[in-house]
Every structure is written in C-alpha cells, then in structure tokens.
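I have placed the structure first, in the form of structure tokens, so that the comments after it can refer back to it.
Chain identifiers are assigned alphabetically (A, B, ...) following the order of the sequence lines, protein sequences preceding nucleic acid strands; residue numbering begins at 1 within each chain.
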Amino acid sequence: MRIKFFPLDVTYRVVRGMPVIHLYGRTSEGRQVCVADSSFEPYFWLVNGQREDVERIAVQQPGGEVRVKRVEQHQKKYRGSSVNALKVFAGLPSDVPLLRRAASMYGTALEADIPFARRYLIDKGIVPMMACEVEGEFEHNPSYRVPLFRAASISESSEEVAEGLRIVSFDIETHSPLGKEIIPAEQPIIMLGVASGGFQRVITWKRFDTQLDYVEFVDDERQLLERFVQLVEELQPDVLAGYYSDGFDFPFMLARAARNNVQLPIGLDFSQPRAAKSQVDVAGVVHLDVLKFIRKIFGRYMETPVFDLNSVAVEILGEGKHGIGLDGLWNAWENNVGLEDYCRYNVQDAVLTGKLAQRLFPNMVELVRVVGMPLADVSRMSFSQLVEWYLLGQARSFGELAPNRPEYVETRQRLEHTFEGAYVHEPTPGLYSDVAVFDFRSLYPTIISAHNISPDMLNCGCCDQAFAPGLKFWFCSKRRGLISSVIEGLITRRMRIKELLKSAEDRKLLKAREEALKTIANSIYGYFGFFGARWYSMECAQSITAFGRDYITGVIGRAKERFGVLYSDTDSIFLTLGGSGRDDAEKFVAEINRELPGLMELEYQGFYPAGLFVGTREKGIGAKKKYALITEEGNIRIKGFEAIRRNLSPIAKETQERVLEIVLKERAPQKALEYIAAIVSAARNREIPQGKMIITTQLQKDLASYDSIAPHVAVAQRMRQQGRQVLVGSMISYIVTAGKDRIRDRAKLPEEVKGNDYDSEYYINNQILPSVERIMAVFGIDVIREVEPLQQKRLDAFFG
DNA sequence: TTAGATCGGGG
DNA sequence: GTGTACGATCTAA
C-alpha cells in the first residue's frame, strides 16, 4: 500500500548487521508511524585513488575484520575540476571512519563524516516536514509505540508542509537552595509542569489544599517521573519543547530517574531521552530547546541582550512572568507553605515555553524547508551550520563533492588571516538640506551572484584574468560556480515571495519563508570567512568586500559630479541634493542601475528635507551610524542616538527629541538652546513631574554576581530584600533623589519618591545636557557653557 | 596587554 | 554518532 507521510525525526538502527533508516512522523491522516527503510548503504568518496587498492582494504578490529563492501566509479566535480571518484561502500555507518583512515593512504577521502541519517535525507531528496509518498506494508512490532511501515520505495519530498503538529511543553522545579550549586544527585524534582494548547498540568508530591484544577498529586518523585512518561504517552507530542531542556530539564530528569531506579521510556521505540554532548534526543519526537534556537539564530533579530525566559517572553509574546520568583521555593517546600503559588509559577513557565515554541515554529519550519535537515537539528544550528548543511544538500544536486572540514593546523592558519572590510565615508558634522538616501539591495549576496564568487570558480584556467578590484585573483566567467548559483536561487526565490507578500492576506507564513531565505543568503559571506567552514575561502570573502567597496565608491564618485556626498557605510549612501531636484536623484539611480550587473540594484530608499550628522568627542570627525533625518511628513528618524537607548530618563529623551525636531524642522539652533535652558530651569525648580525622571536599566546578570554596585543594582538589591521578584533581565526603574550620599544610596523606587524630590543637578548634568550636547556642538554651541551662566547667576545671588 | 578560563540558560 | 558550540566577558599572568 501507499501512504503520504511527513517525516519529523530520522535515525537508524542496526538490525541483524544491517543499518535500517527509521523515519518517524505523521501520515496525511494524522497517524503517528515509523517508516523503516533498509535500502540505504553507508559510503564515502575517494578521489585520486586506485580501485584495486581500495577493494583490498581490510581493517582488523576487536569485533572482527572490517572490509570495503564494494566500490563504484563515478564522474564528479571537486573544487571546480572534473574528477574520477570512487564511491566506497561500507557495511555499517560506524565502519566508515575506519575505512576512511585506511583509504586515506591511497587518495583523498571526502564526505566521510556525514551522519548516516543526514546522508539518507540528502541522497533521497527527502526534506523533513514535507510530504513524501511511501510504498510498503504495515507491520505489527511490539518494539515500537507506533505502527511500523516497512518501506519498499520512497519518493522525494513535495512542496506540501506538515500541518497541525502537536507541541507539548514542559518545565521542572527542583529542590535547590537558590544561589547555591545545583546538584542533581542530591536535589529532587518537586514539580513538573506540562502544557499543550489548552491543556495544563502540574505534578507535585507534597499535598496541600488547592482550588487549582491543574495540580495533580503523587506520592513521591519516582511517581512524578512515571506520571510524566504517562502524560507523554497520552498527549502524543510531535514536538516536545523546553527552555534550556538540553542543559537542564532533561539531564536533571535523567539523573533523578537513575537515582530512583525508574526508566523514562518516552521515545517511540521505548528508548529513554539520549543525552549527547550538548543535545538531548527523543526517538521519534522532535525535542526542541527553545533557548537554543533563540541563542543561536533568533536572538540576532531581538532587542534583549539576555535570553532568560522572562525577557524573551516579554519581547516575543508581549507577556512575561508574573507573580513570585523562586526565592522562597526552598523554604516553601521544606515547610509545605505557599506551594500553590509555586505551582502557578511552574505551569506558567511551561505555558510560556509552549507559546514561544508555537510562535517561533513557522520560522523554524521554513529553515527546515530551506536547509533540508530535521527540525531538532536545524533549531540548534548556528548560522554557519545552516549554510553548510544547505550547501551539502545543494552540492549533491550539482554533482560537486564537498571539501573536508579543516584539521587543527589548517584551522590555526585560517584564524590568523584578516582582510579589509567595508568602505565607510565619514560624515562631516552638520545640518544638511534635501537629503536623499540610497542603498544596495542585498549587496553581498548580489555581488556573489553577479561576479560568480565561488571557491570552485577561483583562478580558473579557462578565461582571462579579470581580477577582483585591487586583488590578484579572478573568478571564471564561462561556467557558473556552486555557491554563486545557489545564492542566485535564494535571491530570486526571495524576490518572488516578496512580490507575493504585497497582495497576500495571510502574511505570516510568507514572511517566515522570506526571512529564512534571507537568513541563509546573508550568512554566506560570513561563512566564506568562517575558520571552520568546508567551503572556507579567504579569496571569496576578500573579493566580496573588495567588490562592495568598488561599487559603493563608484556610486560616490558618480554622485559627487552632481550632489554633495554626506555619508556612506558599506551599502548605503547619503547625498544632499543641493540645487538639483528629486527627479535628478531618481534619474541618478536609474542610470546606476542600468550599469549594474545581474541582480544588483541600487534602491532609492527615501528623501528627507533635512538631516543632521553629529560629531564624536574628538572634534571634526563625524560619528558613524549616528544621524537624524526628518521625513516630508514631519516624522523624525533617529539612528544611533541615545533617545532610542533605554537607560535615559523620559525627560532626557524628550528633550533630545524636541531639540532634534526644532533643529530639523525649524533650523533654529538658538531656539533649541532656549528650549534647553527652559527645561534646565524647570528641572531646577522641580516643575517637571518626577515620572519623567525615572531611569530604567536592565539587570544584565544575576544580582549576586555584580562587583560594582551601580544605582540600578542597589535598587534591585533592596527590591529583593522586600521579597520582590528580581530576575536577570528585569527592568529596574529608579529615581535619583536629592541629598549628599552616594548616588546609589539616593536611587529610589519611583513609588518611594514623593513631591518631586529628585536631584535636579544630577538630572541636568548627567541626563539632560549630555543628551543634547553633541547636537548643539554641530552649531558651535557648547550647551554646558551656555547654560552655565544661569547656574552662575543663582550662585552669585546666593553668595552675593 | 594578552592569553586562558568561564559562562550562558536552568533551580 | 560517518559530528558538535561559540562568542563575549572576566581573570590571571
């Protein structure tokens, strides 16, 4: 019979001396199954070797002799040349490293370190989570929790994505004294929370009166663990999500299970979670450690610098933890008081983890679609790994053999290499009119595509030496390289999706798809320069920035003929149009674009009636990445200024924004100065409401680990003493009050401050004036000196 | 200043 | 598992 099937997890198992691939997943009818495929053999490649030598290889092992099973001859490509490659088959995946070592005497062994299950996906064209058709028969087998489907044949994946997968999230609380070492051997698990959709459950083993319907009591820790296994059986998750469950929840549970002499057979083959180096796998189920994905990939696109559950949930879900912290849990458990609150806490962590998994799921699935590897792996990959596994899949369809990963010496050599980066045209501080901004759309990816930048095309022997700008090497202009073609595919796919997005009703999925393609395309430049990369190429990385500098300086040179050039960084350019109109800017862009090769495109990003560039502390130099623009509608766009940072009081932010507005809209620096003077005076007379004096700073690390006690740390310490929840990543708000003590002793919680009793001078000198200092300096105005006389007059009056 | 060590997240 | 992190920040020399 034939089934339509969405594979989620892929492993293999040795049955009667033969490796059998196991694909776990759901059928189109929503049934969980395990598809077993015995038709795939382990192998690796050998180039520059003789068939007769390889066929004779025999490695003596304690378990017996390991031999090459058979050898095939193929025509492949390697580093841009056609090669005779021997496909060397082994009996078992674990034989491959042994045979590789032996075979290395006769040639260059390639692709000998690709895990068997991943090799299978690549070679069969199967993409996890995408539909494939399997021909075969169901078979009853008591070794599995799900029906076994023995595959006779399997198709490549289609474009159809799995839907309606069940995500179950979980979280444990342990009996560990807070702030001290966590010791799994000594400290039991006291609560376990599970959530899935609307389902919520907390298992705990001390009884107390409660109205909470999701709390379930058992007798001891052992029963708690057994109940967890039952719950997983009942809920049948496709995805089991935790937060730092690779590093904490699962390892802790495994340690406690061992101590209690119980098994945790939650795998679909009744196996326990398997703890590898820094990853825990559950057979047949996608174990998702939400933190891993955030730390490695998604965190790049986030604001928060700390990735604890609370901060991440606040930013992604707009909803954080509420209620108590864990400070009192140890005592509560010892004395069995107030445990209900901790059950709420526990279930909340499981629920938030589940919501995060749900929210990030489309992004992860789209990465799976592009990269072609299982979700459990993709969700743990770094940018370079995503690129590498994507390329490994693509290389096969190009008939290209992958280079090996670098060995130690090679790695060290690579680490010593540095090269020239992007071009920056530093701005001259000043206020400018009629600012036009252009930028290259996906500069580096389009350069890679347009100039065929690919290691296999480097210094070809077949065409003229058309050097990369200022460099001594060139790329082939007759054939297409692997990586340049692949990136062109990514760019054009992304362009099509962006087109669809314009008219799409349901944008979420397309957006995730577009972001996944962008993520991979944008990572390839960095990948070329990454020391651990298979397709590492200093020449490629160098050429990309060289072309980038060449293009942007080319545009700058052309622009100078007609406009004033204000600023440029990597792929963007800011011009002042002067006497010429905006039509000229449009003509200019069109002109440039007519000459740009391939998919390269300069975009007219916007027109701004005025723009301000400020200086750095050293006089005369313009600050990079720091400017303010005003749109025709009168909206101000600020980049790099303090106003968009957090630890500035509202009054300082407002003053900075208003000053920028006066300067950009009215071009009246003198008026701005008067405004500043008025604010300073109002602050001094305590006419500004204290609410505008609140400084908010995020706690970057655990409270105990601060050495220098900044004001916000002192406030956080007092909050904790009052029994309030203070977590890493918590936003701490305070007001500096008047007095003579150290600042940190005068920092008070806003609700502790009455009657605008703030330290005016502190706010004037440390918040308000510094926030406008560099803006006014552009006009030759030294705010501190100009506002000083006011202060001086007061002092004169006092002493006079 | 540099090289080497530790940490993140979790309780 | 035919394999494994990595980049920032602190500490000691």
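Among the heavy atoms of the strands lying under 4.0 Å from A:P42 is at least one base atom, whether or not backbone atoms are also near. Residue contacts shown for A:L92 are absent, as no nucleic acid heavy atom lies under 4.0 Å away. In this structure, A:R119 reaches the bases: a heavy-atom distance under 4.0 Å links it to at least one base atom across the strands shown. Among the heavy atoms of the strands, none lies under 4.0 Å from A:F44. Nucleic acid contact for A:D349: sugar-phosphate only, since backbone atoms but no base atoms lie under 4.0 Å from a heavy atom of the residue. As judged by a 4.0 angstrom heavy-atom cut-off over every strand, A:I172 is placed among residues touching the sugar-phosphate backbone only. Across all strands, A:F252 comes closer than 4.0 Å to no nucleic acid atom at all (heavy-atom distances).
For the C1' atoms, the distance linking C:dA5 with B:dG11 amounts to 24 Å, nearest Å. Rounded to whole Å, the C1' atom of C:dG7 lies 15 Å from the corresponding atom of B:dG9.
Judged as a ring pair (Phe, Tyr, Trp, His ring centres under 6.0 Å), and not counting sequence neighbours, the contacts of A:Y43 are A:W45, A:F89.
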Using a 3.5 Å cut-off and no angle test, enumerate the donor-acceptor pairs between side-chain atoms of residues 245-258 of chain A and protein atoms at least two apart in sequence or in another chain.
from, atom 1, to, atom 2, distance (Å)
A:S245, OG, A:H287, NE2, 2.8
A:D246, OD1, A:V280, N, 2.9
A:D246, OD1, A:R380, NH2, 3.0
A:D246, OD2, A:K292, NZ, 2.8
A:D246, OD2, A:R380, NE, 2.7
A:D246, OD2, A:R380, NH2, 3.3
A:D249, OD2, A:I172, N, 3.0
A:R256, NE, A:E221, OE1, 3.2
A:R256, NE, A:E221, OE2, 2.8
A:R256, NH1, A:P184, O, 2.7
A:R256, NH1, A:A185, O, 3.2
A:R256, NH2, A:E221, OE1, 2.9

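Two rings, from A:F116 and A:F40, have their centers less than 6.0 Å apart. The aromatic ring centres of A:F217 and A:F208 sit less than 6.0 Å apart. Here A:F531 and A:H417 keep their ring centres 6.0 angstrom or further from each other.
Rounded to a whole Å, the NZ atom of A:K292 is 12 Å from the C1' atom of B:dG10. Regarding A:H175, its NE2 atom lies at a distance of 15 Å from the P atom of B:dG11, rounded to whole Å. Between the CE atom of A:M253 and the P atom of B:dG10 there is a distance of 17 Å, given to the nearest Å. Distance, A:Q187 CD to B:dG11 P: 13 Å, rounded to whole Å. Rounded to a whole Å, the CG atom of A:D246 is 13 Å from the C1' atom of B:dG8. One can place CD1 of A:I182 at 6 Å from C1' of B:dG10, the figure rounded to the nearest angstrom. The CZ atom of A:R256 sits 13 Å away from the C1' atom of B:dG11 (whole-angstrom rounding). A:I189 places its CD1 atom 11 Å from the C1' atom of B:dG11, with the value rounded to the nearest Å.
Contact annotation: A:Y12 side-chain N/O to C:dT2 OP1/OP2 distance is under 4.0 Å.
Annotation: side chain of A:E340 is in contact with side chain of A:L212 (closest heavy-atom distance under 4.5 Å).
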Atom pairs under 3.5 Å: protein N/O with N/O of nucleotides 4-9 of chain C:
from, atom 1, to, atom 2, distance (Å)
C:dT4, O4, A:Q279, OE1, 2.9

* To do: Please report the C-alpha distance between A:S397 and A:Q394 in whole Å, then the side-chain angles of each, then the deciding distance to 0.1 Å, and finally whether the side-chain hydrogen bond (donor to acceptor under 3.5 Å, both in side chains) criterion is met.
  => CA-CA 5 Å; A:S397 18; A:Q394 294 296 306; 4.6 Å; no

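A:D95 places no side-chain N or O within donor-acceptor distance of the main-chain N or O of A:A90, the cut-off being under 3.5 Å.
Listed nucleotides B:dG11, C:dT2, B:dG10 differ in distance to A:S176; the shortest reach to its side chain belongs to B:dG11.
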